[in-house]
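Atoms considered below: every heavy atom in the structure, side chains included; atoms not considered: hydrogens, waters and symmetry mates. Chain identifiers are assigned alphabetically (A, B, ...) following the order of the sequence lines, protein sequences preceding nucleic acid strands; residue numbering begins at 1 within each chain.
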2 protein chains.
Amino acid sequence: MFETTEIKDIKEGIGEYVKSIRKLRKLSQSELAALLSVSRTTIQNLEAGNNFTVDTLLKVMKEFDLLDQLNKHIQDAKQHAEATQSLY
Amino acid sequence: MFETTEIKDIKEGIGEYVKSIRKLRKLSQSELAALLSVSRTTIQNLEAGNNFTVDTLLKVMKEFDLLDQLNKHIQDAKQHAEATQSLY
DNA sequence: GCATATTGCATAGTATACTGGTCAATATGT
DNA sequence: ACATATTGACCAGTATACTATGCAATATGC
């Protein structure tokens, strides 16, 4: 049907996700921030669902070895879009 | 084994992906920018693989009805992380 | 070929994400 | 209970994403 998810929902979901994997690794916000060379405030805002840059999110995902997986998703999605394109 | 994908690769991949779905919808950068109430420069930078905010990316994905799908991915990933957590 | 639309890139000003710091409230461990 | 660590929230200053604009290079359509 129609889109029910809002941008705010996604940002909050990402924040909760980052928090859960950070806990999995038994890291404090300060420790994670230090690993990524960003401030704790940046981690705090990300986890709180405020606006942030992709660089910040991707630094987190790189730290947690999620970049290759994400890259596959993006490449698949791109291939799908380009395949659809070529039908016309 | 080890992570081979770099942050820059992801941003470029996202840029190419956005460009391909924009073309699918037969929109110019200016038209998409107007739909999202952002500047063409912002779309240009996103597609070029420069740094950008999640708000910008999510506005694009919302326009292309991709938020629900993205939300599912995030919730699944979060569930997985929390399930792993509870094993300890 | 030509005219028009679109794109890539640069630049200056504005908005805002990021930084570094502090403090109170809340967890955590002994 | 207590001491310590962690978190959430705020604030002032800095870095940078976003805006608006212009222009050259490249597509697109006639």
Side-chain angles (χ1 to χ4, degrees), chain A residues 6-64 67 70 74 78 81-82 84-88, chain B residues 6-64 67 70 74 78 81-82 84-88:
Chain A
E6 295 300 326
I7 289 176
K8 187 162 154 295
D9 300 325
I10 300 283
K11 287 190 292 186
E12 288 173 357
I14 292 174
E16 291 164 5
Y17 174 52
V18 167
K19 184 169 186 167
S20 64
I21 49 183
R22 174 175 62 77
K23 295 280 189 187
L24 255 183
R25 297 289 189 95
K26 302 204 184 307
L27 294 171
S28 67
Q29 291 180 349
S30 294
E31 290 169 328
L32 178 57
L35 285 172
L36 310 184
S37 301
V38 301
S39 68
R40 185 178 73 86
T41 306
T42 295
I43 302 295
Q44 162 66 21
N45 281 326
L46 196 170
E47 292 188 359
N50 299 331
N51 199 11
F52 50 89
T53 62
V54 285
D55 269 348
T56 297
L57 177 58
L58 294 180
K59 282 178 189 170
V60 172
M61 297 189 72
K62 181 179 173 71
E63 179 63 31
F64 295 147
L67 282 200
L70 176 60
I74 295 170
K78 188 168 46 163
E82 285 165 359
T84 304
Q85 183 97 29
S86 67
L87 293 179
Y88 299 93
Chain B
E6 295 301 325
I7 289 176
K8 187 162 154 294
D9 300 326
I10 300 281
K11 288 190 290 185
E12 288 174 356
I14 292 174
E16 291 164 4
Y17 174 53
V18 167
K19 185 169 185 168
S20 64
I21 50 183
R22 175 176 63 77
K23 295 280 190 187
L24 254 183
R25 298 291 188 96
K26 302 203 185 307
L27 294 171
S28 67
Q29 290 180 349
S30 295
E31 288 169 328
L32 178 57
L35 285 172
L36 309 185
S37 300
V38 302
S39 69
R40 184 177 74 87
T41 307
T42 295
I43 301 297
Q44 161 66 21
N45 281 327
L46 197 171
E47 292 189 358
N50 299 332
N51 198 10
F52 50 87
T53 63
V54 283
D55 268 350
T56 297
L57 177 58
L58 293 179
K59 281 177 189 172
V60 172
M61 297 190 71
K62 181 180 173 70
E63 178 64 31
F64 295 147
L67 282 200
L70 176 60
I74 294 170
K78 188 167 45 162
E82 285 164 1
T84 304
Q85 184 95 31
S86 67
L87 294 179
Y88 300 91

In whole Å, I'd like the distance from the CZ atom of A:F52 to the P atom of C:dT19. 14 Å
Is it true that a side-chain atom of B:R40 and a backbone atom of B:A33 form a donor plus acceptor pair closer than 3.5 Å? no
Can a side chain N or O of A:Q44 be found less than 4.0 Å away from OP1 or OP2 on D:dT6? no
Report yes if a side-chain nitrogen or oxygen of B:R22 is closer than 4.0 Å to either non-bridging phosphate oxygen (OP1 or OP2) of C:dT7; otherwise report no. yes
Can you see if the side chain of A:K19 gets near the phosphate of D:dG8 - specifically, an N or O under 4.0 Å from OP1 or OP2? yes
Choose from D:dT21, D:dC18, D:dA17 the nucleotide whose nearest atom is closest to any side-chain atom of B:T41. D:dT21
Nucleotide of D:dT19, C:dT7, C:dC18 approaching B:T42 most closely (side-chain heavy atoms): D:dT19
OP1 or OP2 of D:dA5 sitting under 4.0 Å from any side-chain N/O of A:Q29? no
d(CD1, B:I43; P, C:dC9) in whole Å: 16 Å
Side chain of B:S28: nearest nucleotide among D:dA17, C:dT7, D:dT7? C:dT7
So for the helix from C:dG1-D:dC30 to C:dT30-D:dA1, with five pairs setting each end axis, what is the inter-axis angle to 10°? 80°
Please check the phosphate of D:dC18 (OP1 and OP2 only) for any side-chain N or O of B:T56 closer than 4.0 Å. yes
Can you tell me the distance, in whole Å, between the NZ atom of A:K26 and the P atom of D:dT6? 13 Å
Taking D:dA17, C:dA17, C:dT7 as options, the one with an atom nearest any side-chain atom of B:N51 is D:dA17
Pairwise 5' ranking along DNA chain D for A:D55 and A:A48, keeping only the more 5' one: A:A48
Where the side chain of B:R40 is concerned, which of D:dG22, C:dA17, D:dT7 is the nearest nucleotide? D:dG22
If you compare every side-chain N and O of B:K23 against the phosphate oxygens of C:dT7 (OP1, OP2), does one of them come in below 4.0 Å? yes
Rounded off to whole Å, could you give me the CG-to-P distance for the B:L27 and C:dT6 pair? 10 Å
